[in-house]
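Take a look at the structure set out below.
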Amino acid sequence: MKDTYRHQGMRKKLAETVQEKGISDKRVIAAVKKIPRHLFMDSSFEDHAYQDKAFPIGASQTISQPYTVAFQTELLEIKRGDKILEIGTGSGYQTAMLLELGAVVYTIERQKELFKKANLFLPKLGYKPKRIIFGDGYKGLPAEAPFDGIIVTAGAPFVPKPLMSQLKVGGKLVIPVGDEVQTMTLFTRKSQKEFEKYEFGEFRFVPLLEDKN
């Protein structure tokens with residue numbers, strides 16, 4: 001669990017890279033500089049940790065490209081204390097990003113292996129989500145709804161209705177929608193029945209799987 005000056009230097013470069021690609025939220029950039037991404041990956045891949053690319057983490061899942069994590073986080077426009085639901089804990093890197101921004105995080109993971117790992121690993125680094133849940137992300141977390149924001153970190157062939165219904169009025173859902181290639185999509189809840197939709201170009205994610213537990 002070492003975090004050296006070399007790692008910090010590489011993170012600084014990575015933060016500059018995501019900034020050059022258009023990330024402007026200073027808190028998001030500060031989080032990229034701070035979070036030891038190499039610790040979220042197998043130590044044999046440490047050299048890849050601060051390149052701006054996705055990487056396999058086991059259970060056929062990936063740790064998302066840092067730019068993608070920063071981009072999705074920026075779209076949520078998190079305020080300190082916001083209640084955020086994350087669908088797809090994965091390595092926990094995105095979870096750490098949300099926590100760095102002061103969010104109260106509930107995170108759901110459907111891969112048992114990744115769920116167990118994140119449960120042990122995140123607190124060791126000082127990252128404490130409100131809850132890490134093993135379950136089906138398509139259903140959201142009705143018991144804790146409504147949320148200020150919901151972030152989906154896997155490609156969804158369609159937008160799950162339960163997630164839309166679990167947003168507060170004024171809340172935002174950030175979700176990559178599509179099969180092979182996804183369109184990053186932002187929904188803002190304007191009223192009980194009305195949503196505004198924005199699209200932000202193409203991304204590639206591993207698929208969001210339904211009812212696999």
Side-chain angles (χ1 to χ4, degrees), residues 1 3 7-8 10-41 48-55 57 61-109 114-115 117-133 137 141 147-155 171-176 182 184-186 200 203-206 208:
M1 301 279 276
D3 186 29
H7 293 123
Q8 288 159 27
M10 286 155 81
R11 278 206 292 285
K12 191 166 174 280
K13 276 208 178 99
L14 178 62
E16 285 162 8
T17 301
V18 300
Q19 210 168 353
E20 281 158 16
K21 289 186 175 182
I23 301 300
S24 59
D25 187 323
K26 287 188 171 64
R27 299 170 311 146
V28 173
I29 294 159
V32 172
K33 273 186 196 161
K34 185 175 174 190
I35 301 167
R37 189 171 184 258
H38 65 283
L39 298 179
F40 290 80
M41 294 162 66
H48 298 275
Y50 296 110
Q51 294 174 21
D52 190 25
K53 62 181 189 186
F55 217 77
I57 52 164
Q61 303 297 300
T62 57
I63 180 170
S64 289
Q65 180 184 355
Y67 169 73
T68 305
V69 172
F71 188 77
Q72 285 194 281
T73 306
E74 187 168 75
L75 286 181
L76 279 175
E77 295 182 337
I78 292 167
K79 298 184 292 299
R80 185 162 285 282
D82 274 1
K83 193 174 175 184
I84 305 292
L85 175 63
E86 177 188 31
I87 308 298
T89 316
S91 68
Y93 181 71
Q94 174 72 73
T95 318
M97 177 77 74
L98 299 169
L99 289 165
E100 282 290 351
L101 267 68
V104 176
V105 181
Y106 296 80
T107 181
I108 302 177
E109 177 53 59
L114 296 178
F115 162 74
K117 213 167 164 184
N119 225 344
L120 291 170
F121 174 68
L122 283 166
K124 274 186 191 161
L125 283 188
Y127 291 113
K128 298 190 175 78
K130 191 83 175 159
R131 277 180 71 198
I132 303 178
I133 300 116
L141 197 60
F147 295 95
D148 296 294
I150 299 176
I151 180 170
V152 179
T153 64
K172 297 176 190 299
L173 166 64
V174 175
I175 181 168
Q182 293 83 32
M184 190 66 75
T185 311
L186 167 68
F200 297 90
F203 289 78
R204 280 181 186 272
F205 284 80
V206 291
L208 178 66

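- Expressed to the nearest 0.5 Å, how far CD1 of Ile87 lies from CD1 of Ile150 amounts to 6.5 Å.
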Could you give me the CA-CA distance, side-chain angles and deciding distance for Leu99 and Lys128, then say whether side-chain contact (heavy atoms from CB on, under 4.5 Å) is met?
CA-CA 8 Å; Leu99 289 165; Lys128 298 190 175 78; 5.8 Å; no
Step by step, would you call Met41 with Ser91 a side-chain contact (heavy atoms from CB on, under 4.5 Å)?
CA-CA 8 Å; Met41 294 162 66; Ser91 68; over 6 Å; no
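- Between the side chain of Arg37 and the backbone N or O of Ala49 there is at least one donor-acceptor pair closer than 3.5 Å.
- The shortest heavy-atom contact between Gly92 and Leu122 is O-CD2, 3.6 Å.
- With sequence neighbours excluded, no residue forms a salt bridge (charged side-chain N to carboxylate O under 4.0 Å, His left out) with Lys13.
- Atoms CG and OG1, from Leu101 and Thr73 in turn, are 7.0 Å apart once rounded to the nearest 0.5 Å.
- Aromatic ring centroids of Tyr127 and Phe121 lie 6.0 Å or more apart.
- Taking CD1 from Ile151 and CD1 from Ile175, the interatomic distance works out to 10.5 Å, rounded to the nearest 0.5 Å.
- Here Arg11 contributes atom CZ and Lys33 contributes atom NZ; the two are 11.0 Å apart, rounded to the nearest 0.5 Å.
- With Thr153 contributing its side chain and Gly88 its backbone, the two residues share a donor-acceptor pair below 3.5 Å.
- A donor atom on one side chain and an acceptor atom on the other are found under 3.5 Å apart for Tyr50 and His38.
- Taking each heavy atom of Ala103 and Ile78 in turn, the nearest pair found is CB-CG2, 4.0 Å.
- The CD atom of Gln94 lies 10.5 Å from the CZ atom of Phe40; values are rounded to the nearest 0.5 Å.
- Note: Tyr67 and Phe203 have parallel aromatic rings, judged against thresholds of 30 and 60 degrees for the angle between ring planes.
- Here the side chains of Arg131 and Ile108 are not in contact, with every heavy-atom distance at 4.5 Å or above.
- Lys53 NZ to Thr68 OG1: the interatomic distance, rounded to the nearest 0.5 Å, is 14.0 Å.
- The main-chain N or O of Gly90 is found under 3.5 Å from a side-chain atom of Glu109 such that the two form a donor-acceptor pair.
- Closest approach of Pro176 to Gln72, counting heavy atoms only: CD-NE2, 4.1 Å.
- No salt bridge links Asp148 with Lys79; every basic N to acidic carboxylate O contact stays at or beyond 4.0 Å.
- Contact of the Ile23 side chain with the Val32 side chain is not registered, since no non-hydrogen atoms from C-beta on lie closer than 4.5 Å.
- Counting all heavy atoms, side chain and backbone alike, Ile35 lies closest to Ala96 at CD1-C, 3.8 Å.
- Listed here is the closest heavy atom pair of Asp25 and Arg27: OD1-N, 2.9 Å.
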side-chain contact (heavy atoms from CB on, under 4.5 Å) for Val152 and Leu173? Distances and angles first, verdict last.
CA-CA 8 Å; Val152 179; Leu173 166 64; 4.1 Å; yes
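- Salt-bridge annotation for Asp82 and Lys172: absent, with no side-chain N of the basic residue lying under 4.0 Å from a carboxylate O of the acidic one.
- At most 12 non-hydrogen atoms from other residues, nucleotides or ligands lie less than 6.0 angstrom from NZ of Lys34.
- When every heavy atom of Thr89 is checked against every heavy atom of Ala118, the shortest pair comes out as CG2-CB, 3.8 Å.
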Do Leu39 and Lys124 pass the side-chain contact (heavy atoms from CB on, under 4.5 Å) test, and can you show the C-alpha distance, the side-chain angles, and the key distance before you say yes or no?
CA-CA 11 Å; Leu39 298 179; Lys124 274 186 191 161; over 6 Å; no
